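Being a predicted model, the structure only gives us computed values, none of them experimental. In what follows, chains carry the letters A, B, and so on, assigned in the order in which the sequence lines appear, proteins first and then strands, with residues in each chain numbered from 1.
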Amino acid sequence: MLKLYNTLSREKEEFKPQALEVTIYSCGPTVYNYAHIGNLRTYIFMDILRRTLAFDGYNLKGVMNITDVGHLLSDADDGEDKMVKASREMKKTPEEIAAFYTSVFFKDIKALNIGTPEIIAKATDHIQEMIDYVCGLLEKGFAYETSDAIYFDIGKFEGYGKLSRLNLDDQIAGARVEVNSEKRHPADFALWKKADKNHIMQWASPWGMGYPGWHIECSAMSKKYLGKTLDIHTGGVDHIPVHHENEIAQSEALEGCKTVNYWLHGEFMLVDGGKMSKSLGNTYRIDQLEEKGYPPLAFRYFCLNAHYRKKLNFTFEGLDAAKVSLGRLYALTCKHRGGANKTSAETLKKYSDEFVDAINDDLNIPLALGILWTMFKEPESKELYSLALEFDKILGLSLATAKQPDESAEPEIPENVKAIAEERWSARINKNWAESDRLRNELTQLGYLVIDSKDAYTLKKS
RNA sequence: GGCACCAUAGCCAAGCGGUAAGGCAGAGGCCUGCAAAGCCUUUACCCCCGGUUCAAAUCCGGGUGGUGCCUCCA
């Protein structure tokens with residue numbers, strides 16, 4: 001039985017989907033910049049959730065948005081659109097920018113073994129759906145028009161703030177958002193913004209030329225693909241107070257019913273004990289980690305070692321540990337792949353049950369990983385290898401293609417290095433230890449590690 | 001100021017009432033000419049003070065400390 005922590009109730013709840021096909025909406029990237037490792041942690045969480053559901057026998061219908069318009073820089077509803085800003089700064093069209101960062105995003109998530117949701121929805125492909133949505137809200141009296149936008153009237157929506165449990169009035173007192181005099185309530189948010197003539201992204205609407213607000217896209221697209229009520233909605237914790245609160249308000253106002261059954265949020269990744277964000281400039285990208293010698297999956301492992309609802313402090317010390325651990329896990333995998341022992345059915349069942357219990361307990365991956373390690377200490381057997389591959393359906397660490405460290409050693413050793421190694425070997429055969437050690441140091445200097453065995457040696461790039 | 005969350009070994013991290021998983025690092029040993037790698041062994045009474053209980057890291061109260069949100073952010 002799968003239990004998931006629902007942000008709305010603040011409790012672990014038994015997961016009961018509406019049908020065998022589970023509907024999931026995941027807040028995706030705003031493609032105006034590179035995704036950083038903090039963003040990617042949230043998608044790893046989404047991936048683990050999807051893998052767990054699939055493992056439990058559900059079919060998935062997942063939607064992820066690509067936000068390529070409408071995400072303002074400020075909730076004061078007067079900030080510049082992110083895409084427009086990036087476009088201006090990079091002197092490219094918004095379409096070019098979106099296409100570029102979208103492709104980088106998919107490259108990143110592929111490198112991290114994050115499965116792509118079944119439906120990828122670009123905001124700009126759904127302008128009509130959003131307009132229809134806004135019309136619906138206007139008809140029902142939940143929205144009103146001002147000189148600059150169509151706003152959602154939160155005063156008409158009972159229960160605004162139920163997800164974040166923030167008392168709106170308390171917040172307003174110290175709000176840094178400037179009051180827009182035409183708004184009925186300071187927290188009313190734009191559903192549709194009217195654009196002036198030189199705004200580069202705009203579409204015709206019943207209210208003249210304009211562009212959608214950010215929040216409306218998720219509601220409109222999830223309605224289109226997943227219907228009135230979806231099973232699970234995922235996102236980062238930062239979305240709880242504004243974005244998801246607004247989604248709830250819009251969608252429940254329009255549909256008149258609960259529209260999301262389970263709200264799941266991934267915690268933030270910290271860096272050096274503090275917040276990581278693009279605006280603070282303390283972010284890393286996956287390709288930057290690769291340049292430093294950390295494979296993407298080492299980063300995935302790093303994330304898997306902590307529960308998705310706990311803050312995770314990113315440090316290179318931690319990433320080093322993850323990299324070493326993953327390497328050893330691969331080596332163990334290889335041992336079991338060629339294992340000659342037999343593992344009893346009871347033993348296999350024990351580990352399998354433990355693992356399944358762990359993942360079904362609100363995706364307790366750190367615990368599940370521990371179970372894998374413990375299991376791998378059993379005598380090597382092909383049965384354990386097969387079971388590990390089952391586990392890897394959740395973990396996504398590519399255990400099936402695990403290689404022994406020396407299997408992957410590249411044959412491209414320069415001739416001069418080979419020559420020194422040969423020389424050293426003969427010195428060693430002749431028990432000329434001083435010379436042998438001297439030559440080994442030379443090899444070390446050149447960046448090669450020499451490993452002796454009984455009657456041969458191997459060279460490895462260090 | 002308001003609202004949350006968190007506090008477990010040098011580091012990361014599970015555990016959520018019955019006397020502390022796992023990983024990294026470290027230490028000792030095996031192996032090695034010496035190393036490296038590998039293998040074996042080994043390292044905690046759970047922030048503090050009260051309380052509840054036969055029993056608490058786990059529940060309650062009060063502290064202290066940290067982080068996040070209340071502004072765009074995964």
Separation of B/A14 atom P from A/Ile365 atom CD1, nearest Å, is 12 Å
Around atom CG of A/Asn430, are there more than 12 heavy atoms from other residues, nucleotides or ligands closer than 6.0 Å?
yes
Base B/C34 to side chain A/Asp452, donor-acceptor N/O within 3.5 Å cut-off:
yes
CD (A/Glu158) with more than 12 external heavy atoms under 6.0 Å:
no
For A/Arg309 and B/A14, give me the distance from atom CZ to atom P, rounded to whole Å.
10 Å
For A/Lys12, which contact category applies under a 4.0 Å heavy-atom criterion: base, sugar-phosphate, or nothing?
nothing
Side chains of A/His336 and A/Glu378: do they bring a donor and an acceptor to under 3.5 Å?
no
Base, sugar-phosphate or nothing for A/His265? Non-hydrogen atoms, less than 4.0 Å.
nothing
Separation of atom CD1 in A/Ile371 from atom P in B/G23, rounded to whole Å:
13 Å
Looking across every strand, which nucleic acid part, if any, lies under 4.0 Å from A/Gly266 by heavy atom: base, sugar-phosphate, or nothing?
nothing
Tell me whether the side-chain N or O atoms of A/Asn364 pair up with the base of B/G15 as donor and acceptor below 3.5 Å, since no angle test is needed here.
no
For B/A35, does OP1 or OP2 lie under 4.0 Å from any side-chain N or O of A/Arg438?
no
Rounding to a whole Å, what distance do you find between A/Leu49:CG and B/A74:P?
19 Å
Tell me: NZ of A/Lys323 to P of B/C12, nearest whole Å?
20 Å
Side chain of A/Arg428 only, please: which of B/G68, B/C34, B/C24 is the nearest?
B/C34
Regarding A/Lys275, tell me which of base, sugar-phosphate or nothing describes its non-hydrogen contacts under 4.0 Å with the strands shown.
base
Is the aromatic ring of A/Trp373 within stacking range of B/G22, meaning centres under 5.5 angstrom and planes under 30 degrees?
no
For atom CZ of A/Arg440 and atom P of B/U32, their distance in whole Å:
15 Å
